[in-house]
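None of the values given here were measured: they were computed from a predicted structure. When a ligand or atom number is given, it counts from 1 through the structure's own listing order. The figures that follow rest on heavy atoms only: side chains count, while hydrogens, waters and symmetry mates do not.
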Amino acid sequence: MAGSAEKPNVTILATGGTIAGNAAEGTATTGYKAGALGIDVLLEAVPAIRDYAQVTGEQIAALDSKDMSDEVWLKLARRANELLAREDVDGIVITHGTDTLEETAYFLNLTVHSKKPVVITGAMRPATAISADGPMNLLNAVRLAACPQAYDRGVLVCLNDQIDSARNVTKTHTTSVDTFKSPLGPIGCMNDGHPTFYNTVDRRHAGNTEFDVMSAAKLPYVKIIYGHANDDALFVDAAVKAGAQGIVYAGTGNGSIHQDAEEALARASKAGIVVVRSTRAGSGTVIPAEQSYSDAGFLNGDSLNPQKCRILLQLALMQTTDRSRIQEMFYEY
Ligand code: SIN
C-alpha cells in the first residue's frame with residue numbers, strides 16, 4: 001500500500017442520498033431531504049474512520065439518487081479513474097443514495113480501469129435518525145476499501161455488514177436496512193468490522209473491461225420496457241419514435257414477451273435497434289427460449305436485472321452494433 005507507513009489512503013467521493021439525509025426529527029425515516037449534508041459532516045460523525053485510513057473527501061454531487069444522471073456517472077467514473085491511477089491513492093469509497101446505488105456500482109464496475117478497491121455504501125435511515133445506519137456503513141466501507149483482500153474483486157457494495165458484488169446486488173426492500181441482496185449470493189461480510197470473503201466474481205469487472213468513458217459526453221439512449229398481462233406495442237413504438245438505440249424488455253418468467261409487444265419489438269429489431277430480453281422475476285438467468293426471439297435477433301440478458309442490462313447495453317453500443325459481440329458481452333460481464 002502506498003501512503004503513510006501505517007494507513008492506506010482512501011478517498012471518499014460523496015454523491016448524496018439518505019446517508020447524507022437531514023430530517024427535522026430523530027424519529028423521522030421519511031420526508032427528509034436526501035443529500036443535504038456534506039461529506040465533512042459525515043466524516044466528523046465517525047472519527048474512528050481515521051484509525052483505519054487516511055481519508056480525504058470530495059463532494060461530487062448532492063443528489064437524491066432517484067435523480068441520478070449520465071452527467072454524474074461520467075463525472076464519477078472520470079474522477080475515480082484519475083484518483084486510482086495515482087500511487088498515493090489506495091482505494092475509493094463512494095457514498096450514494098440506495099435507490100440507484102446498484103446501477104452506479106455496476107456502471108463503475110464496467111468503466112473503472114483499476115483493480116484497487118472501490119466500495120459503494122449508503123444508508124436507509126437519514127443521518128439525523130435514531131439508530132442511523134450510515135455511520136457504521138461508512139466506517140465498514142472505509143475498512144473494506146483499505147483492506148488488501150478487496151483488491152481485484154470489482155466494485156463492491158457494503159451495507160448492513162454485508163459485502164456484495166456490483167454485478168449481482170439489488171435493492172429488495174423499500175425501507176428496511178436489510179435491503180441489499182444478491183440472488184447469486186453475497187461475496188462476503190464484515191465480521192465485527194473485519195472484511196471476510198467467501199466468494200469471488202468470475203465475470204469481467206473493474207480493471208479488466210473494454211469500456212472507456214473518459215471522453216464521453218453522454219451515453220446511448222436505451223429504454224427499459226416492463227412486460228405485463230395485456231401488454232401491447234405502445235411503449236415499444238414510443239421508444240423507437242424517441243430514437244432509442246436499444247430496448248431492454250423486462251419480460252415475464254424467462255424473459256417472455258407478450259405477443260403484441262413482441263411484434264413491435266421484432267419491427268424495432270429489424271430497424272436496427274438492439275433488443276435485450278431480461279426478466280421482472282427478480283432472480284434467475286434469461287436463456288434462449290422461443291425460436292421467434294432468435295429469429296428476430298433478440299439478445300439474452302443472462303442473469304443481469306433489467307436496470308443492469310440497460311447499462312451494459314449502453315456501454316456495448318458505444319463500441320459496436322454487432323449483435324453477436326454484444327451477446328458475448330452479456331456472457332462475459
Ligand atoms: C436516495 O436514493 O438518494 C434516497 C433513498 C436512500 O438513499 O435510501
(message) Is it the case that ligand 1 has an N or O less than 3.5 angstrom from some N or O of Lys66?
(response) no

(request) Run the numbers for me: atoms of ligand 1, each under 4.0 Å from some heavy atom of Gly97, listed by number. (result) 1 (C), 2 (O), 3 (O), 7 (O)

(message) Looking only at protein heavy atoms, which one is nearest to atom 6 (C) of ligand 1, and what is the separation?
(response) Thr18 OG1, 2.7 Å

(request) Measure from NZ or CZ of Arg153 to the centre of the six-membered ring of Phe197 and say whether it is under 6.0 Å with the direction within 45° of the ring axis. (result) yes

(request) Answer yes or no: is there an ion pair linking Asp178 with Lys181, defined by an N-O contact shorter than 4.0 Å? (result) yes

(request) Take the angle between the ring planes of Phe107 and Trp73 and call it parallel below 30°, perpendicular above 60°, tilted in between. (result) parallel

(request) Compute the shortest N/O to N/O distance between Ala123 and ligand 1 and return yes if it is under 3.5 Å, no if not. (result) yes

(message) Using modelled atom types and a 3.5 Å cut-off, is there a donor and acceptor pairing between side-chain atoms of Arg167 and backbone atoms of Arg203?
(response) no

(message) One thing to verify: whether Arg325 and Glu210 come together as a salt bridge, which I'm taking to mean a side-chain N less than 4.0 angstrom from a carboxylate O.
(response) yes

(message) Geometry only, no angles: is Tyr32 polar-contacting ligand 1 at N/O separations under 3.5 Å?
(response) no

(message) Using a plain distance cutoff, I'd like to know if Thr98 has any nitrogen or oxygen under 3.5 Å from a nitrogen or oxygen of ligand 1.
(response) yes

(request) State whether Asp237 and Arg267 are salt-bridged, where the test is any N-O pair (Lys NZ or Arg NE/NH1/NH2 against Asp/Glu carboxylate O) under 4.0 Å. (result) yes

(request) Give a yes/no verdict on whether any heavy atom in Gly21 is under 4.0 Å from an atom of ligand 1. (result) no

(request) Would you mind checking which non-hydrogen protein atom is closest to atom 2 (O) of ligand 1, with the distance to 0.1 Å? (result) Ser65 OG, 2.6 Å

